[in-house]
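In what follows, a structure is listed as structure tokens, so that the remarks can point back to it.
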Amino acid sequence: MEVTARAPGKIILAGEHAVVHGSTAVAASIDLYTYASLRFPTPEDNDDTLKLQLKDMALEFSWPVGKIKEALPELGSHAASSPMSCSLDTIKSIAALVEEHNIPEAETGLAAGVSAFLWLYTSIQGYKPAKVIVTSELPQSSGLGSSAALCVSLSAALLALSDAVNLDFGQQGWLMFGESELELVNKWAFGGEKIIHGKPSGIDNTVSTYGNMIKFRSGDLMRIKSNMPLKMLITNTKVGRNTKALVASVSERKVRHPDAMISVFTAVDSISNELASIIQSPASDDLVIIEKEEKLEELMEMNQGLLQCMGVSHASIETVLRSTLKYKLASKLTGAGGGGCVLTLLPSRIHFINLLINATF
């Protein structure tokens, strides 16, 4: 039997980094997905290995299941219905399995992703041979939640063929998990994110699991619905960065300047809550929408200023900010910063600007 699961990427409208320290953040899923396919071999295949194929990178990893069982003896007996965290000893054992494939030191993100796969697979499926194929529409290390989408899609595919969930495979098209299954997927994915990023907030895997738009604080999720059109331009600076290192740098700055950084996080919390209120409030006509968009632009600019205070901006991000500012558009980084992607709000007045430009030609 074969199953394919997909999970979307995300953008953070407000609150990145501060959310790790207890502030509110607002995030939304985007229409770009990571897909994970799982297939168990038939007896005729005579295959006793676990294979991971990263199709976009033209890479394949494989391990004899006996070797995995020997290296990770404590994982095979765990119940898929009871998510857990990966211990330091287990991380070391998994790292030894990954190191056999001679992944370059510069590819720390790739090694972390493969480690998360081994932990998720063995914890949920045990020591069964299988082939897992991963493809993605999301650029890596760009702030669009590629690692979370990987962990969520893997968790969903692995759980779909476990005893922990019941799905009617007689149906056609994409099947939807219920609330309890989504919660299970989210908890396992968060465990995978911890392996990749160290101390993530959980917002990336949560919005990738549940989709749409959420308000998130200290693990508490509130789904929100926009009552106004909200169009964002995403600009990829194509400058890679290390999320774990950036998260750690903000924490270190907090240790050096505790009072100042707590004030920064408090301000971000207020921005996120106000942004969520504006998005959800009724918009009776075009004038109200324009008024709300102007407030959102100011909040985005303030959030970006606070992210600069945290030390997570980058010259490439500042270049995008200057470029969009020429057209009186508000922008901010999304995700960890240090490169990656920048969000720009495209307000309703953009349509009128386009009409005026076309008229001059």
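In this chain, numbering begins with 1 at the start of the sequence shown. Computed from a predicted model, the values in this text were never measured in an experiment.
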### Message
If you apply the rule side-chain contact (heavy atoms from CB on, under 4.5 Å), what do you find for Met232 with Thr344, and how did you get there?
### Response
CA-CA 5 Å; Met232 291 283 178; Thr344 302; over 6 Å; no
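- By the 30° and 60° cut-offs, the orientation of the rings of Phe117 relative to Tyr121 is tilted.
- In this structure, Trp63 contributes its side chain and Leu97 its backbone to a donor-acceptor pair below 3.5 Å.
- Annotation: salt bridge (charged side-chain N to carboxylate O under 4.0 Å, His left out) contacts of Glu297 (sequence neighbours excluded): Arg349.
- Note on Leu54: it clusters hydrophobically with Leu118, by side-chain heavy-atom contacts below 4.5 Å among ILVMFWY residues.
- Among the candidates Ser162, Ser81, Pro83, the single residue satisfying the side chain to side chain contact (heavy atoms under 4.5 Å, CB included) test with Ile124 is Ser162.
- Residues Ala7 and Ser153 come closest through the heavy atom pair CB-N, 3.8 Å.
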### Message
Apply side chain to side chain donor-acceptor pair (under 3.5 Å) to residues Lys225 and Asn212 and explain how you reach the verdict.
### Response
CA-CA 8 Å; Lys225 184 178 180 181; Asn212 298 315; over 6 Å; no
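- Residues Asn227 and Ile279 fail the side-chain proximity criterion, which asks for heavy atoms closer than 4.5 Å.
- When atom types are taken as modelled, the side chain of Ser136 and the backbone of Leu138 share a donor-acceptor pair closer than 3.5 angstrom.
- The existence of a salt bridge linking Glu318 and Arg322 is excluded, since no basic side-chain nitrogen approaches an acidic carboxylate oxygen closer than 4.0 Å.
- For Thr24 (side chain) and Asn273 (main-chain N/O), no donor-acceptor pair under 3.5 Å exists by modelled atom type.
- In this structure, Glu60 places its CD atom where more than 12 heavy-atom neighbours from other residues, nucleotides or ligands lie under 6.0 Å away.
- With salt bridges taken as basic N to acidic carboxylate O contacts below 4.0 Å, none links Lys131 and Asp45.
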### Task
Begin with the C-alpha distance, continue with both residues' side-chain angles, and end with the deciding distance and a verdict on side-chain contact (heavy atoms from CB on, under 4.5 Å) for Ser331 and Thr324.
CA-CA 7 Å; Ser331 301; Thr324 57; 2.8 Å; yes
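- In terms of modelled atom types and a separation under 3.5 Å, the side chain of Asn303 and the main chain of Gly15 share a donor-acceptor contact.
- Tracing side-chain contacts under 4.5 Å through hydrophobic residues (I, L, V, M, F, W, Y), one reaches Leu161 starting from Leu175; they form part of the same cluster.
- When every heavy atom of Leu345 is checked against every heavy atom of Met300, the shortest pair comes out as CB-SD, 3.7 Å.
- Heavy-atom minimum distance, Lys10 versus Ile30: N-CG1, 3.8 Å.
- Counting only heavy atoms from C-beta outward, the side chains of Pro347 and Leu329 approach each other to under 4.5 Å.
- Note: Cys86 SG to Leu75 CG = 7.0 Å, rounded to the nearest 0.5 Å.
- With hydrogens and angles ignored, the 3.5 Å screen pairs no side-chain donor or acceptor of Ser141 with any backbone N or O of Gly240.
- No more than 12 heavy atoms of other residues, nucleotides or ligands lie within 6.0 Å of CG in Asp31, so this atom counts as exposed by the packing criterion.
- At a threshold of 4.5 Å between side-chain heavy atoms, the hydrophobic network of Ile, Leu, Val, Met, Phe, Trp and Tyr places Ile103 and Leu52 in one connected group.
- Residues Phe216 and Val207 form no side-chain contact, since every pair of their non-hydrogen atoms from C-beta on lies 4.5 Å or further apart.
- Tracing side-chain contacts under 4.5 Å through hydrophobic residues (I, L, V, M, F, W, Y), one reaches Leu158 starting from Val3; they form part of the same cluster.
- In this structure, Leu13 and Thr334 have side chains that are not in contact, with every pair of non-hydrogen atoms separated by 4.5 Å or more.
- Side-chain contact, Asp56 with Thr135: no donor N or O sits under 3.5 Å from an acceptor N or O.
- Between the side chains of His314 and Thr237, no donor-acceptor pair is found at a separation under 3.5 Å.
- Under the 4.0 Å criterion applied to side-chain N and carboxylate O atoms, Glu16 and Lys332 are assigned as salt-bridge partners.
- Using a 3.5 Å distance cut-off with no hydrogens or angles, the side chains of Arg253 and Ser251 do not pair a donor with an acceptor.
- Leu307 and Ile262 are assigned to two separate hydrophobic clusters, defined by single-linkage of ILVMFWY side chains at heavy-atom distances under 4.5 Å.
- Scanning both residues, Lys292 and Ile278, for their nearest heavy atoms gives CE-O, 2.8 Å.
- The two residues Leu246 and Gly337 make their nearest non-hydrogen contact at CD1-O, 3.3 Å.
- The aromatic rings of Trp174 and Tyr35 sit tilted relative to each other, their planes meeting at an angle between 30° and 60°.
- Surrounding CD of Gln140 are at most 12 heavy atoms belonging to other residues, nucleotides or ligands under 6.0 Å away.
- Within the 4.5 Å cutoff, the side chain of Val65 has no heavy atoms near those of the Lys128 side chain.
- For Asn205 (side chain) and Ala148 (main-chain N/O), no donor-acceptor pair under 3.5 Å exists by modelled atom type.
- For the 3.5 Å distance criterion, the side chains of Ser218 and Asp220 fail to qualify, holding no donor opposite an acceptor.
- Within a 6.0 Å sphere centred on CE of Met84, other residues, nucleotides and ligands contribute more than 12 heavy atoms.
- Considering all non-hydrogen atoms of both residues, Ser201 and Phe190 come closest at C-CE1, 4.1 Å.
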